[in-house]
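What you see is a predicted model; the values in this text were computed from it and never measured. The chains referred to below are lettered A, B, ... by the order of the sequence lines, with proteins before strands, and numbering in each begins at 1.
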Protein chains: 2
Amino acid sequence: MADVAARVGVSKMTVSRALNRSVESERVTSEALRQRILQACEDMGYVIDQTARTFSSKRSGFVAALLPSLNNSNFSETTQGLTEVVEARGLQLLLGYTDYRVETEERLIRAMLTRRPEGVILTGGSHTTAARSMLRAAGIPVVETWDLPAKPIEHVVGFSNAEAAAVMVRHLHAKGYRRIAFIGGTSNRDTRGADRRRGYAQAIRELGLPDGRVISFGQPPISMAQGGEAVVQLIRQWPDVDAVVCVSDLSAFGALMECQRRGWDVPGRIAIAGFGDFEVARAAHPRITTVAVNCTGIGRAAGELLLSAIDGLRDGHRPPAETVLIPFHIEQRESS
Amino acid sequence: MADVAARVGVSKMTVSRALNRSVESERVTSEALRQRILQACEDMGYVIDQTARTFSSKRSGFVAALLPSLNNSNFSETTQGLTEVVEARGLQLLLGYTDYRVETEERLIRAMLTRRPEGVILTGGSHTTAARSMLRAAGIPVVETWDLPAKPIEHVVGFSNAEAAAVMVRHLHAKGYRRIAFIGGTSNRDTRGADRRRGYAQAIRELGLPDGRVISFGQPPISMAQGGEAVVQLIRQWPDVDAVVCVSDLSAFGALMECQRRGWDVPGRIAIAGFGDFEVARAAHPRITTVAVNCTGIGRAAGELLLSAIDGLRDGHRPPAETVLIPFHIEQRESS
DNA sequence: CTGTTAGCGCTTTCAT
DNA sequence: ATGAAAGCGCTAACAG
């Protein structure tokens, strides 16, 4: 930077300001001078050292987003929306994936925080105590997504997974189904999955339908193959079942394919519903009834919430914690 | 750090060394003292400032990996393998996604480089000139994966996509199919897809089969829905076709479902083959014949190559560029 | 094995 | 609008 300054005939400070003009909107250098400086940087192949900048200014220029999985069209779309919003503001998005494990999430949060992100986006509302306190201590804005945690860390953009599953049960009930089962994972590692099961169970009770028809199969997130195995077990255990709500479209799809393999008509023998409106649910034959969420919208809203919180913090105040509800709806398709 | 040092009654430097003992394997402080220091850090709630550490030491402690998509089980598995290897060495993996666009990749590389990663993992062998020169200038190890670029940047872990597609064509030919088509995207944005098409075309020529039966449909990576539309167009255009190789399992699956919707028997009316051995190919009914690659193996090999290059660089020498070939094989299933 | 000294490249702060 | 000086928190290098 000193070399560039020398070449243009100004001080390091002026170069620094010219380079940061784009980030801050304050006008500092004359546009002509600024262009000369930028040109000189280009000519000399100079790029600012972000590590020194971060170190000195306490602003890292990045935001961390933690995803449970890198193989999920829902989270992928959310990330897309997040990227749009955050990069438009000149912040970089750095991703990590937790593999649906809170311990991994904790490790990642710790690692990310040492790099001083300006904000953190989490997926879900379930975190270790250590993770919570680290985030609190860091004093940076946090947004939890895809969930409606009972005790949010700060901001939230999501919906009630329990309510969504309940709505699906009521929908199937309205279509005339009466012996409605649920397929999900064995543990509560995927807390959104556990919430959906809870919502299912409650709706069943409220409607006075025969309950307890729950197949738990495999470590979440359960796979297509596990969905297939689960539906076989389901029909063996409760032969009278006429519909099944699956914890996700992936297991729903696995169940659907297994039914076809065994010659069980869907929805004639059994109706199948999924969750998430994954691509596979739209493409399958028959197309799978599912709960559709505006995934990109979650990302955008989370990004905007985070940005305004970051802005607030820079201006010295902390905006109050906000919760943005994202609507969902049932996509009624051929599988029910 | 000074406070911790004061409390333990040593110098800052000793604290620094104790904290870095875990990373470097050199033994510096006595274990007892080290434990006391670590305890003091814990008690005082002190965590090292990674940004200062990075700034001072020129070691960021992270490796950047760029993925084309966050919704692809192949890349997800590769990342899993990469994570294992890289984190075992105390390096953090920071992810970015390019959306299959070289311009986005270039922007990401620029942004990552300002944070001084110790190495970079790229997907594919196609990059902008600017990206290549930035990476070269950065002087850090680079590994390209999932491809066999003609002019690699440095290290490579991959296989020939063209050859893999050719092997699939020969496999179908051996099974008796003669009028074999190809479904892929319209542009060369997905270069691995373009390579596969090239391999297909060459194998067709070498076998003396009727050629030109290529449907290009939509911007890559082409979706399930587009695979479905493409197969309809294919059968309309060349009604004599008896098999189709799809650029990926996703489009193969879309084609398969569309055939079922229209009552075209698979593989009776038309055989369908995919690429990648995605979960959906194993779960579909009928199961989809595909090219299976050891995805996790690619990630592990890439990570190991990168680590040894980083080690070499720390010891002051640059290990010669290496290319690791990853084997692939045909999974013959029910769709052909 | 431990301490001392001197920065790393930038921005903050305070002048002008 | 621009410049000069003073660090940010840590580690490299060297000395003991």
Side-chain angles (χ1 to χ4, degrees), chain A residues 1-38 40-41 44-62 90 113-116 118 138 314-316, chain B residues 1-38 40-41 44-62 90 113-116 118 138-139 313-316:
Chain A
M1 190 182 267
D3 293 348
V4 173
R7 162 131 158 198
V8 179
V10 293
S11 75
K12 253 179 16 178
M13 215 35 242
T14 303
V15 175
S16 171
R17 286 185 180 118
L19 259 32
N20 287 310
R21 234 298 288 283
S22 53
V23 180
E24 307 302 308
S25 54
E26 49 175 318
R27 96 175 255 84
V28 275
T29 11
S30 73
E31 192 51 34
L33 177 55
R34 183 161 171 269
Q35 286 309 327
R36 273 175 53 216
I37 292 173
L38 261 34
C41 291
M44 305 175 71
Y46 167 81
V47 270
I48 198 161
D49 185 330
Q50 188 66 241
T51 68
R53 191 177 129 71
T54 299
F55 175 51
S56 176
S57 69
K58 311 287 169 226
R59 284 205 202 153
S60 61
F62 86 94
L113 285 182
T114 63
R115 301 181 192 283
R116 302 203 205 177
E118 304 201 27
R314 283 183 181 174
D315 297 350
Chain B
M1 189 181 264
D3 293 347
V4 173
R7 161 132 160 198
V8 180
V10 293
S11 75
K12 252 179 18 178
M13 207 45 231
T14 304
V15 175
S16 171
R17 284 184 181 120
L19 259 30
N20 288 308
R21 232 299 287 284
S22 53
V23 181
E24 307 300 308
S25 55
E26 49 175 319
R27 98 175 254 83
V28 274
T29 9
S30 74
E31 192 50 33
L33 177 56
R34 184 162 169 268
Q35 285 309 328
R36 273 176 54 217
I37 292 173
L38 261 35
C41 290
M44 304 175 71
Y46 167 81
V47 269
I48 197 162
D49 184 331
Q50 187 68 242
T51 67
R53 191 177 128 71
T54 299
F55 175 52
S56 176
S57 68
K58 312 286 168 224
R59 284 204 201 152
S60 60
F62 87 94
L113 285 182
T114 63
R115 301 180 192 283
R116 302 204 206 173
E118 304 202 27
L313 231 51
R314 283 183 181 173
D315 297 350

Check: Once you round it to whole Å, what is the distance between C1' of D:dG9 and NZ of A:Lys58?
Finding: 7 Å
Margin query: With a 4.5 Å cut-off on side-chain heavy atoms, are A:Leu33 and A:Val10 touching?
Written below: yes
Next item on the list: Rounded off to whole Å, could you give me the CD-to-P distance for the B:Gln50 and D:dC10 pair?
Entry: 11 Å
Next item on the list: Evaluate the side-chain proximity of A:Phe62 to A:Gln50: yes if any heavy-atom separation is below 4.5 Å, no if none is.
Entry: no
Next item on the list: Enter the distance from A:Ile37:CD1 to A:Arg17:CZ here, rounded to the nearest 0.5 Å.
Entry: 10.5 Å
Margin query: Tell me the interatomic distance from A:Ile48, atom CD1, to C:dC8, atom P, rounded to whole angstroms.
Written below: 16 Å
Notebook entry, point to check: Toward the 5' end of DNA chain C, which comes first, B:Ser11 or A:Phe55, by nearest nucleotide?
Noted result: B:Ser11
Item checked: Options D:dC14, D:dG3, C:dG9, nucleotide nearest the side-chain atoms of B:Arg17 -> D:dC14
Next item on the list: Dump the intermediate steps for side chain to side chain contact (heavy atoms under 4.5 Å, CB included) on A:Leu38 and A:Gln35, then the final yes or no.
Entry: CA-CA 5 Å; A:Leu38 261 34; A:Gln35 286 309 327; 4.3 Å; yes
Notebook entry, point to check: Does a side-chain N or O from B:Thr14 land closer than 4.0 Å to OP1 or OP2 of C:dG3, or not?
Noted result: yes
Check: Between D:dG3, D:dT11, D:dA13, which nucleotide gets closest to the side-chain atoms of B:Met1?
Finding: D:dT11
Next item on the list: Please determine, for the side chain of B:Leu33, which listed nucleotide (C:dT2, D:dT11, C:dT11) has the closest atom?
Entry: C:dT2
Notebook entry, point to check: Over how many whole Å does the gap from A:Lys12 atom NZ to C:dG9 atom P extend?
Noted result: 10 Å
Item checked: Length of the line joining B:Arg59:CZ and C:dC8:P, which is rounded to integer Å -> 19 Å
Item checked: Nearest-Å distance for atom pair CG/P, residues B:Leu19 and D:dG9 -> 16 Å
Next item on the list: May I ask you to verify if any side-chain N or O of B:Tyr46 is less than 4.0 angstrom from the OP1 or OP2 atom of D:dC10?
Entry: yes
Next item on the list: Please report, rounded to the nearest Å, how far the P atom of C:dC10 is from the CZ atom of B:Arg116.
Entry: 9 Å
Check: Is there side-chain contact between B:Arg53 and B:Leu19, with at least one heavy-atom pair below 4.5 Å?
Finding: no
Item checked: Between C1' of D:dA13 and CE of B:Met13, the distance in whole Å -> 10 Å
